[in-house]
Amino acid sequence: MFFHNTLTRSPQEFKPMHRGRINLFVCGPTVQDHFHIGHARTYIFFDAVAKFLRKTGYSVFYLQNITDIDDKIINRAKEEKSDPLELAESYLEEYYREMKELKVDSINFYARATLHIDEIVSQIERLVSAGLAYETEDGVYFEVRKFKDYGELSGQNLDQIKHGVRTDISESKRNPEDFVVWKKMKPGEPFWDSPWGKGRPGWHVEDTAITESYFGEEYDIHGAGSDLIFPHHEAENAIARSLSGKKHLARYWIHTGMLNVNSEKMSKSLKNFRTISEILENYSPEVLRYAMLNANYRTMLDFSEEMMESSRENVGYITKVYKRLKKVKGKEGKFKIDLKSELSTLTKAMEADFDTRGVIMRLLEICSDINRNIESISSESADSIIELLDWANSFLGIVESGEQPLGYGLISSILEIRKDLRKKKEFDLSDRIRAELKAYGIYIEDVNGGTEWWFE
RNA sequence: GGAUAGGUGGCAGAGCGGCUAUGCGUGGGACUGCAGAUCCCAUCUAUUAGGGUUCGAAUCCCUACCUAUCCUCCA
């Protein structure tokens, strides 16, 4: 298996630190606002990755942090005149709920920053005593120039970075590139005690303290959106490696490309900010997963209605084939697939830089094959295709599985009656049955000689 | 100014030196009471531009132009 490592800027053969075991850390969100489809892209992708790795036999500890204390949360709370910690709590609940809806359920543990203050403080203490961080009147800062490999991940050169492009440079810092690891509280802000007085942790050190306490000084894979490469991951790398003296914090870094809307970055000022819940009003979680996984994870993905409609088409197509196969029982037929070789093709695609798109493409081809040969599929063959689809779906999560709202026998009876009505050409009544069942999510289609139905 | 990834048909996107995918869309057909689904056929005669290497380039090299993301808020 190989994939693109941001650190080496090239595809690299993957070798876990411990045989058969993988420690995977992905930066979770700052719980300060509703979550958007950019979050969805990153978390759906890593969900598929974690599930696939488990499917191929690895034991994966997938850890995600939650930034539940931060300047932005405080500012947001001020605007809304609410309590920052309560605000964070309610967005966190929303996050959990939406991830569950999107079937992102591969994360073993969510580590909240506010529940790891001791670990964070201890790490900062070690930074200070090693002379890597210094205290000023408003906080504790990490001195970037003490870490000579700074820039190795992002390719940034300290002397060529434009300082203060977007943020004001704090006057208390020794150098403009230094970043805060502990922020001293201002009146009315949430706080925790520390050797430097009341305050709260800086962003970068949260993650290094959390990964250190669960994974140790070095681990296998660190993932996140590519917008976090600089400065966040560069800073994490600097903190952790300065303390450990090791060559790596994470041996492999995986970054997902940004999701744009009409070729523009999502932002509130442009009013093109699309939330997950807004998308789920019109599309199923499976369709959103499909749209996100039907692209190379590293390239910029341009969100559009066209893309979503096309995803809806294909998800419906695959789902229908799947349900059709489930109904094949006790039939003889010539059509066969070579399950073993198909599995190996799909596995190879995933093992080549997580080519989820390639997997989907092959699935569509198989589905097309099935539709063409639906009359000559034996039940044995149907079973092995179902096995294949189940296997792929276990990490892609793109097949829609509706709840069966009515009993099988009941539907059959209704359809029998409808069949008689159609024979008598009482189409008003038969169409009404079709419309009524549709309200229950039961779709009817009259195909050659018979009637097919399924749930949605 | 620096870093990174790219520029392929109406759109999305493969191709990794020779056979020009695939999906969506669009048009037509089969089937059909209608709807829908499925299948078949077609369509779009695409490789940012200019050089070079080669018998042969979308693919390798050079130059130019363009786009996106990042440069201390970000998934």
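A salt bridge is absent between A:Lys186 and A:Asp71: the closest approach of a Lys/Arg side-chain nitrogen to an acidic carboxylate oxygen does not fall below 4.0 angstrom.
The gap from the C1' atom of B:U47 to that of B:C11 amounts to 16 Å, rounded to the nearest Å. Comparing the same atom, C1', in B:A46 and in B:G13 gives a spacing of 12 Å after rounding to whole Å. Taking the C1' atoms as reference points, B:U69 lies 27 Å from B:C60, given to the whole Å. Nucleotides B:U8 and B:A21, compared at atom C1', are 12 Å apart to the nearest Å. Straight-line distance between the C1' atoms of B:U43 and B:A3: roughly 43 Å, to the nearest whole Å. Between B:C41 and B:C66, the distance separating the two C1' atoms is 39 Å to the nearest Å. For the C1' atom pair drawn from B:G15 and B:G23, the interatomic distance equals 15 Å after rounding to whole Å. For the C1' atom pair drawn from B:G28 and B:C19, the interatomic distance equals 29 Å after rounding to whole Å.
Nucleic acid contact class of A:His36 (heavy atoms, under 4.0 Å, all strands): base. Nucleic acid contact class of A:Ser154 (heavy atoms, under 4.0 Å, all strands): sugar-phosphate only. Within 4.0 Å (heavy atoms only), A:Leu259 reaches at least one base atom of the nucleic acid.
Distance, A:Ile229 CD1 to B:U4 C1': 7 Å, rounded to whole Å. For A:Asp302 and B:G7, the CG to C1' distance is 14 Å, given to the nearest whole Å. Atom CD1 in A:Ile254 sits roughly 20 Å away from atom P in B:U4 (whole-Å rounding). One atom, CG of A:Asn237, and another, C1' of B:U72, lie 16 Å apart when rounded to the nearest Å. Atom-to-atom, CG of A:Asp227 to P of B:U72 comes out at 13 Å; the value is rounded to the nearest Å. Between A:Phe179 atom CZ and B:U72 atom P the separation is 14 Å, expressed in whole Å. Atoms CG (A:Asp355) and C1' (B:G13) sit 11 Å apart, rounded to a whole Å. Counting to the nearest Å, the C1' atom of B:A12 and the CZ atom of A:Arg41 are 13 Å from each other.
In this structure, the ring of A:Phe215 has its center less than 6.0 angstrom from the ring center of A:Phe61. For A:Tyr214 and A:His116, the gap between ring centers is short of 6.0 Å.
Residues satisfying the salt bridge (Lys or Arg N to Asp or Glu O under 4.0 Å) criterion with A:Glu365, sequence neighbours excluded, are A:Arg362. Residues passing the side chain to side chain contact (heavy atoms under 4.5 Å, CB included) test with A:Ser304, sequence neighbours excluded: A:Glu306, A:Met307. Applying the side chain to side chain contact (heavy atoms under 4.5 Å, CB included) criterion to A:Ser368, with sequence neighbours excluded, gives A:Tyr317, A:Arg372. For A:His248, the ring pair (Phe, Tyr, Trp, His ring centres under 6.0 Å) criterion is met by no residue, not counting sequence neighbours. Not counting sequence neighbours, the partners of A:Asp47 by the salt bridge (Lys or Arg N to Asp or Glu O under 4.0 Å) test are A:Lys51, A:Arg289. Here A:Ser378 pairs with A:Glu380, A:Ser381 under the side chain to side chain contact (heavy atoms under 4.5 Å, CB included) rule; sequence neighbours left out. Evaluation of the ring pair (Phe, Tyr, Trp, His ring centres under 6.0 Å) rule for A:Tyr252 yields A:Phe3, A:Phe14 as partners, not counting sequence neighbours.
Within residues 370-378 of chain A, the residues having any heavy atom under 4.0 Å from RNA chain B are, by residue number, A:Asn371, A:Arg372.
Distances were taken from every side-chain heavy atom of A:Asn296 (C-beta onward) to each of B:A14, B:A37, B:U72; the shortest belongs to B:A14. With distances taken from any side-chain atom of A:Arg324 to the nucleotides B:A68, B:C71, B:U38, the minimum falls on B:U38. Listed nucleotides: B:C71, B:U69, B:A75. Nearest to the side chain of A:Thr30: B:A75.
For the pair A:Glu234 (side chain) and A:Ser154 (backbone), a donor-acceptor distance under 3.5 Å is present. Here the side chain of A:Asn108 pairs a donor or acceptor atom with the backbone of A:Tyr62 at under 3.5 angstrom.
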* Structure fact -> Applying the Watson-Crick and G-U criteria (both distances under 3.5 angstrom) with [ ] for crossing and | for other-strand pairs, one obtains for RNA chain B (((((((..(((.....[...)))((((((.......))))))....(((((..]....))))))))))))....

Each nucleotide N or O in nucleotides 33-35 of chain B that has a protein N or O under 3.5 Å away: list the pair and distance.
from, atom 1, to, atom 2, distance (Å)
B:G33, O6, A:Arg422, NE, 3.1
B:G33, N1, A:Asp431, OD1, 3.0
B:G33, N2, A:Asp431, OD2, 2.6
B:C34, O2, A:Arg434, NH2, 2.6
B:C34, N3, A:Arg434, NH1, 3.1
B:C34, N3, A:Arg434, NH2, 3.3
B:C34, N4, A:Asp446, OD2, 3.0
B:A35, N6, A:Asp446, O, 3.2
B:A35, N1, A:Asp446, N, 3.3
B:A35, N3, A:Arg434, NH1, 2.8

Interface polar pairs with nucleotides 22-25 of chain B, N/O, under 3.5 angstrom:
from, atom 1, to, atom 2, distance (Å)
B:G23, O2', A:Asn314, ND2, 2.7

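In this structure the side chain of A:Leu288 reaches within 4.5 angstrom of the side chain of A:Met308, judged on heavy atoms.
Between the side chains of A:Thr6 and A:His255, a donor-acceptor pair is found at a separation under 3.5 Å.
Position along RNA chain B of the nearest nucleotide to A:Cys367 versus A:Thr42 favours A:Cys367 as the more 5'-ward residue.
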Side-chain polar contacts of residues 224-231 of chain A - donor-acceptor pairs under 3.5 angstrom, sequence neighbours left out - could you list them?
from, atom 1, to, atom 2, distance (Å)
A:Ser226, OG, A:Thr256, O, 3.3

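Nearest heavy atom pair, residue A:Ala113 against residue A:Ile120, reads O-CD1, 3.9 Å.
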